[in-house]
Amino acid sequence: MEKPLSGKRILIVEDEVVFRSLLDNFLSSLGAQISLADDGVQALEHLQRSTPDMMICDLAMPHMDGLTLVGQLRSKGQTLPILVISATENMSDIAKVLRLGVQDVLLKPVKDLARLREVVFECLYPSMFSSKVEEDEQLFQDWDALVRDPSAAAKLLQQLQPPVQQTIAHCRINYRQLTMAEQPGLVLDVAALSEKDLAFYCLDVTRAGDNGVLAALLLRALFNGLLQEQLSGQSQRLPELSGLLTQVNQLLRQVNLEGQFPLLVGYYNRDLKNLILVSAGLNAALSIHSQQIQLSNGVPLGTLGSTHLNQISQRCDAWQCQVWGAGGRLRLMLSTD
């Protein structure tokens with residue numbers, strides 16, 4: 001039998017007996033050597049005796065919670081990979097642990113063991129995966145400095161923009177900024193979720209001042225994880241993007257980023273040839289062969305406590321999407337040929 005984690009030592013810090021047992025059994029079946037701790041205090045005692053290859057921990061635990069545990073480890077210079085698995089509904093806690101340099105965050109209940117396996121592999125074998133993971137980990141390490149220096153934040157955001165042409169999930173993608181400006185306007189990010197599906201978003205950062213750039217950096221670091229959680233709960237493997245934007249809207253409020261954040265989110269599944277677009281404040285025009293479909297803008301995130309969205313879903317193997325708002329105009333193109 002294949003044992004891809006043979007020789008790897010994983011410390012599981014979890015007070016829920018049933019979930020701890022599930023993690024233990026699943027990772028042991030992959031060949032990992034497992035150590036267990038009920039809370040942060042026991043975890044620190046274990047780490048004084050030996051250092052594992054990675055740690056998986058909850059956030060809500062007695063005696064010492066996961067946020068305190070991770071904070072103490074990072075303050076001591078401990079750099080072991082950490083995966084947080086938590087049922088928290090507080091997005092600011094997720095932002096805090098990402099700022100402390102954890103590798104990833106999954107939300108309970110974990111329904112997709114294949115996704116869990118993938119994330120554990122990314123933690124243990126980072127060189128095998130995209131450099132985007134390392135870029136995202138860096139975003140929160142100097143968060144306070146970026147807040148104090150808007151020009152540095154804007155420069156970092158510009159450096160993180162995707163290449164204008166690339167192949168993702170066996171799809172050819174390219175885009176053009178149709179309005180050029182020295183300052184960030186429409187910010188794009190595109191990433192593969194698996195070999196068959198990808199996601200992207202376009203955020204207009206001009207309507208929230210310096211907070212627009214900070215929101216774009218925050219969204220870049222959290223977007224894929226939030227979307228993966230949406231997908232793990234969908235039996236037909238299509239995300240509920242309206243729920244995702246509701247989460248993002250709550251996150252912006254919880255981290256005290258005020259302003260309007262016009263956002264368009266897209267998802268494409270190559271096998272199903274299904275494109276989903278949801279807008280909260282940006283206009284979009286979708287071209288599929290000779291067909292033209294307009295998507296009106298809706299209400300920008302940050303405007304209200306609730307979200308007011310517009311959504312379209314289309315089956316296609318190639319498409320072009322023009323997106324525009326106060327920050328400019330952008331054209332994104334995809335082909336599966």
Side-chain angles (χ1 to χ4, degrees), residues 112 115 130 132 161-178 186-204 219-220 222-248 261-301 307-325 328-337:
D112 187 350
R115 172 59 180 160
S130 167
K132 184 180 186 298
Q161 289 300 282
V164 295
Q165 295 184 2
Q166 58 183 318
T167 298
I168 297 178
H170 303 290
C171 298
R172 289 204 304 269
I173 298 175
N174 61 83
Y175 73 96
R176 294 180 182 176
Q177 288 276 7
L178 303 181
L186 295 183
V187 172
L188 177 72
D189 193 18
V190 186
L193 301 173
S194 72
E195 292 186 352
K196 64 180 182 180
D197 58 352
L198 58 89
F200 58 91
Y201 64 83
C202 185
L203 176 68
D204 185 347
L219 187 59
R220 179 184 168 89
L222 298 181
F223 179 76
N224 279 18
L226 293 174
L227 186 53
Q228 287 283 8
E229 292 304 321
Q230 286 284 336
L231 286 168
S232 69
Q234 301 296 318
S235 59
Q236 297 184 4
R237 192 64 184 175
L238 288 174
E240 180 58 49
L241 292 185
S242 59
L244 174 70
L245 266 67
T246 297
Q247 284 184 285
V248 174
F261 306 93
L263 176 68
L264 179 135
V265 172
Y267 168 84
Y268 184 72
N269 187 298
R270 187 180 186 276
D271 288 355
L272 300 176
K273 300 188 185 304
N274 203 152
L275 171 67
I276 302 173
L277 291 176
V278 178
S279 178
L282 284 175
N283 293 289
L286 181 64
S287 300
I288 302 174
H289 303 299
S290 59
Q291 185 181 14
Q292 300 286 327
I293 304 169
Q294 296 288 327
L295 180 63
S296 56
N297 53 12
V299 179
L301 298 187
T307 53
H308 296 266
L309 317 168
N310 290 307
Q311 175 171 325
I312 57 175
S313 178
Q314 293 289 318
R315 292 180 58 84
C316 50
D317 55 10
W319 49 266
Q320 295 186 26
C321 182
Q322 290 202 46
V323 185
W324 67 94
R329 185 178 290 262
L330 179 147
R331 183 168 66 186
L332 179 67
M333 294 157 280
L334 178 144
S335 172
T336 58
D337 297 335

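Keep in mind that the numbers below use all heavy atoms, side chains included, and drop hydrogens, waters and symmetry copies.
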Result block: side-chain N/O donor-acceptor pairs under 3.5 angstrom for residues 290-299, not counting sequence neighbours:
unit_1: Q292; atom_1: OE1; unit_2: S287; atom_2: OG; d: 3.0
unit_1: Q292; atom_1: NE2; unit_2: S287; atom_2: OG; d: 3.1
unit_1: S296; atom_1: OG; unit_2: N310; atom_2: ND2; d: 3.0

Taking Y267 for the side chain and N274 for the main chain, is one N or O donor matched with an acceptor at less than 3.5 Å?
no
Which atom pair, heavy atoms only, marks the closest approach of P300 to P262?
CB-N, 3.8 Å
First locate atom OH of Y268, then atom CG of L198, and finally report the distance between them rounded to the nearest 0.5 Å.
8.5 Å
From CZ (R176) to CG (L332), nearest 0.5 Å
12.0 Å
Taking every non-hydrogen atom, the tightest pair across A318 and I288
O-CG2, 4.0 Å
How long is the straight-line distance from CG of D197 back to NE2 of H170, given to the nearest 0.5 Å?
11.0 Å
Point-to-point distance, once rounded to the nearest 0.5 Å, from CG of N174 to OG1 of T167:
10.0 Å
What are the two closest non-hydrogen atoms of A169 and R270, and how far apart are they?
O-CD, 3.3 Å
Identify the residue among L334, L286, D317 that makes a side chain to side chain contact (heavy atoms under 4.5 Å, CB included) with L275.
L286
State, with a plain yes or no, whether a side-chain heavy atom of F200 is found less than 4.5 Å away from one of Y175.
no
Is it the case that over 12 heavy atoms from other parts of the model lie below 6.0 angstrom from the CD atom of Q166?
yes
Those residues that, when tested against Y201, pass ring-ring contact (aromatic ring centres under 6.0 Å, His included) (two or more places apart):
F223
For a side chain to side chain contact (heavy atoms under 4.5 Å, CB included) check, start with the C-alpha distance between L186 and L282, then their side-chain angles and the critical distance, and finish with the verdict.
CA-CA 10 Å; L186 295 183; L282 284 175; 4.1 Å; yes
Pick one: which of D204, V187, L245 meets side chain to side chain contact (heavy atoms under 4.5 Å, CB included) with L263?
L245
Rounded to the nearest 0.5 Å, what separates atom CZ in R331 from atom CZ in R329?
10.5 Å
Distance from I168 atom CD1 to E195 atom CD, nearest 0.5 Å?
13.5 Å
Side chains of W319 and H289: closer than 4.5 Å at any heavy-atom pair?
no
Side-chain contact, heavy-atom cut-off 4.5 Å: D189 with L219?
no
